[in-house]
Amino acid sequence: MTAFTVNAPGAMGSNGVSAPLEWGAQDYGNSTSARFLYAWNNHASGSSTEAQSEIVVPVPGTLRNLRALADAITPTVVYTIRVNGVDTTITLSLATLATSGLDSAHTAALAQGDVVTLKTVTSSADSNVVYPGAAVEFVTS
Amino acid sequence: MTAFTIDNVGPTGANGAAALLSWRAVNYGGTTSQRFLFRRYVDLAVSAVETPSKTPISTAGVLRNLLVGGDAAIGGGVSATYTVRVNGVDTALTVTLSSGTQSGSDTTHSVSVSPGDQVSLSTLTSGTNGSNMFPAAALEFAP
């Protein structure tokens with residue numbers, strides 16, 4: 001018997017519903033190559049495997065307001081939202097020692113079944129455990 | 001039997017207008033110091049660092065209806081207090097599970113948040129408890 005259960009991922013409900021999609025990792029993966037934060041969260045280094053970052057949207061909608069957070073590191077970090085393996089214009093850069101960032105200017109339209117991932121690229125390899133995280137607002141259409 | 005489960009993710013809400021924020025860890029860390037549940041879930045004991053607990057808010061709204069608990073009741077005379085924090089500061093949204101209690105809620109308090117605010121979930125136990133009872137918390141975010 002389950003007395004209290006909230007399973008994943010939740011229903012989207014009616015049009016115009018706003019919900020966060022989130023990613024997280026332990027660190028940026030100690031590389032200047034593309035690394036992917038894990039869908040929702042994970043205590044592991046940023047992954048070279050994009051599939052570990054995938055979140056599938058069950059209904060059409062729009063992505064907007066990408067936000068990133070992490071403890072400070074010296075290299076700069078570019079966060080990019082990708083849809084079906086392709087970079088979108090939703091991107092932000094965390095400057096040296098920055099702990100948060102925002103792209104509120106760009107949006108991306110999604111169709112039912114589209115796959116959303118979060119890519120990071122650092123200006124130099126960094127293995128510090130700074131818990132990079134990101135969230136983007138998904139608004140159903 | 002699983003009597004209390006909050007898994008990863010997603011928007012919910014009876015009217016489709018609210019979203020679920022959730023946190024979870026494997027255990028309370030066996031310490032009486034402040035600790036943090038991980039945003040969504042990570043297969044580790046609670047974190048001594050707040051950053052992996054933080055989730056950024058994109059739109060203005062209200063946090064309310066905090067539900068907390070674990071897969072088993074906390075025991076041994078130990079109580080656990082869960083507190084929602086915004087930008088690293090405690091809010092009035094809090095629940096204390098007394099020893100022998102498996103779940104609890106705060107449906108009284110609410111907290112307004114703005115875009116860019118960062119929400120986290122702290123735990124504080126009255127005694128050491130390192131049992132793997134998978135403490136979890138979820139709250140409603142109503143934009």
Side-chain angles (χ1 to χ4, degrees), chain A residues 1-27 37-44 55-59 61 63-72 92 99-104 129-140, chain B residues 1-26 36-45 47 49-61 67-69 71 87 102-103 105 115-120 136 138 140-143:
Chain A
M1 175 182 145
T2 298
F4 180 92
T5 301
V6 179
N7 286 320
M12 292 299 172
S14 56
N15 294 348
V17 173
S18 169
L21 307 183
E22 298 178 354
W23 293 265
Q26 166 187 288
D27 58 59
L37 302 190
Y38 297 88
W40 305 112
N41 205 358
N42 193 10
H43 192 76
I55 297 174
V56 180
V57 296
V59 293
L63 298 177
R64 65 186 186 191
N65 293 324
L66 171 64
R67 292 182 183 275
L69 63 84
D71 288 340
L92 63 84
T99 57
S100 64
L102 165 67
D103 178 0
S104 60
V129 177
V130 292
Y131 305 106
V136 68
E137 185 184 1
F138 175 56
V139 183
T140 62
Chain B
M1 181 181 89
T2 299
F4 182 91
T5 299
I6 300 172
D7 291 331
N8 278 346
V9 199
T12 56
N15 60 0
L20 170 73
L21 303 182
S22 65
W23 294 262
R24 190 161 223 179
V26 171
F36 300 91
L37 299 186
F38 290 93
R39 176 183 67 252
R40 303 306 183 181
Y41 175 65
V42 163
D43 194 29
L44 291 172
S47 174
V49 180
E50 188 166 11
T51 305
S53 182
K54 291 178 176 177
T55 188
I57 296 295
S58 287
T59 58
L67 274 71
V68 308
D71 276 4
N87 300 327
Q102 187 168 0
S103 62
S105 64
D117 281 349
Q118 297 177 348
V119 183
S120 58
E140 181 186 3
F141 171 54

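Throughout, a chain's letter reflects where its sequence line sits, starting with A, and its residues are numbered from 1.
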Peer 1: Can you sort out the partners of Ser58(B) under side chain to side chain donor-acceptor pair (under 3.5 Å), two or more places apart, ordered by chain and number?
Peer 2: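 For Ser58(B), no residue satisfies side chain to side chain donor-acceptor pair (under 3.5 Å) once neighbours in sequence are set aside.
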Peer 1: Is Arg39(B) reaching over with its side chain to a backbone N or O of Trp23(A), donor-acceptor style, under 3.5 angstrom?
Peer 2: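 Answer holds: yes.
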Peer 1: How far does NZ of Lys54(B) sit from OG1 of Thr99(A), to the nearest 0.5 angstrom?
Peer 2: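 These two atoms lie 7.5 Å from each other.
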Peer 1: Search all heavy atoms of Asp71(A) against all heavy atoms of Val49(B) and return the closest pair with its distance.
Peer 2: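 So the minimum-distance heavy-atom pair works out to OD2-CG1, 4.0 Å.
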Peer 1: Go through Val130(A) and Thr51(B) one step at a time and tell me if the side-chain contact (heavy atoms from CB on, under 4.5 Å) criterion holds.
Peer 2: CA-CA 8 Å; Val130(A) 292; Thr51(B) 305; over 6 Å; no
Peer 1: Restricting to non-hydrogen atoms, name the atom on Arg67(A) and the atom on Pro56(B) that form the minimum distance, rounded to 0.1 Å.
Peer 2: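 Shortest heavy-atom contact: CB-CB, 3.9 Å.
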Peer 1: What heavy-atom pair brings Pro20(A) and Leu21(B) nearest, and what distance separates the two atoms?
Peer 2: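 What the structure gives for the nearest pair is CG-CD2, 4.0 Å.
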Peer 1: Taking all atoms of both residues into account, what is the closest heavy-atom pair of Val42(B) and His43(A), and its distance?
Peer 2: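 That would be CG1-CB, 3.2 Å.
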Peer 1: For Asn42(A), what residues pass the side chain to side chain donor-acceptor pair (under 3.5 Å) criterion, not counting sequence neighbours?
Peer 2: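 None.
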Peer 1: What is the distance from atom OH of Tyr131(A) to atom CZ of Phe38(B), rounded to the nearest 0.5 Å?
Peer 2: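 Those atoms lie 6.0 Å apart.
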Peer 1: With a 4.5 Å cut-off on heavy-atom pairs, point out which of Glu137(A), Glu22(A), Arg64(A) contacts chain B the most.
Peer 2: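 Winner by heavy-atom pair count: Glu22(A).
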Peer 1: Calculate, to the nearest 0.5 Å, the distance between atoms CG and CD1 belonging to Asn65(A) and Ile57(B) respectively.
Peer 2: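 So the gap between those two atoms works out to 11.5 Å.
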Peer 1: If I measure from the heavy atoms of chain B, does Ala44(A) come under 4.5 Å with its side chain, its backbone, both, or neither?
Peer 2: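 No part of it gets close to chain B.
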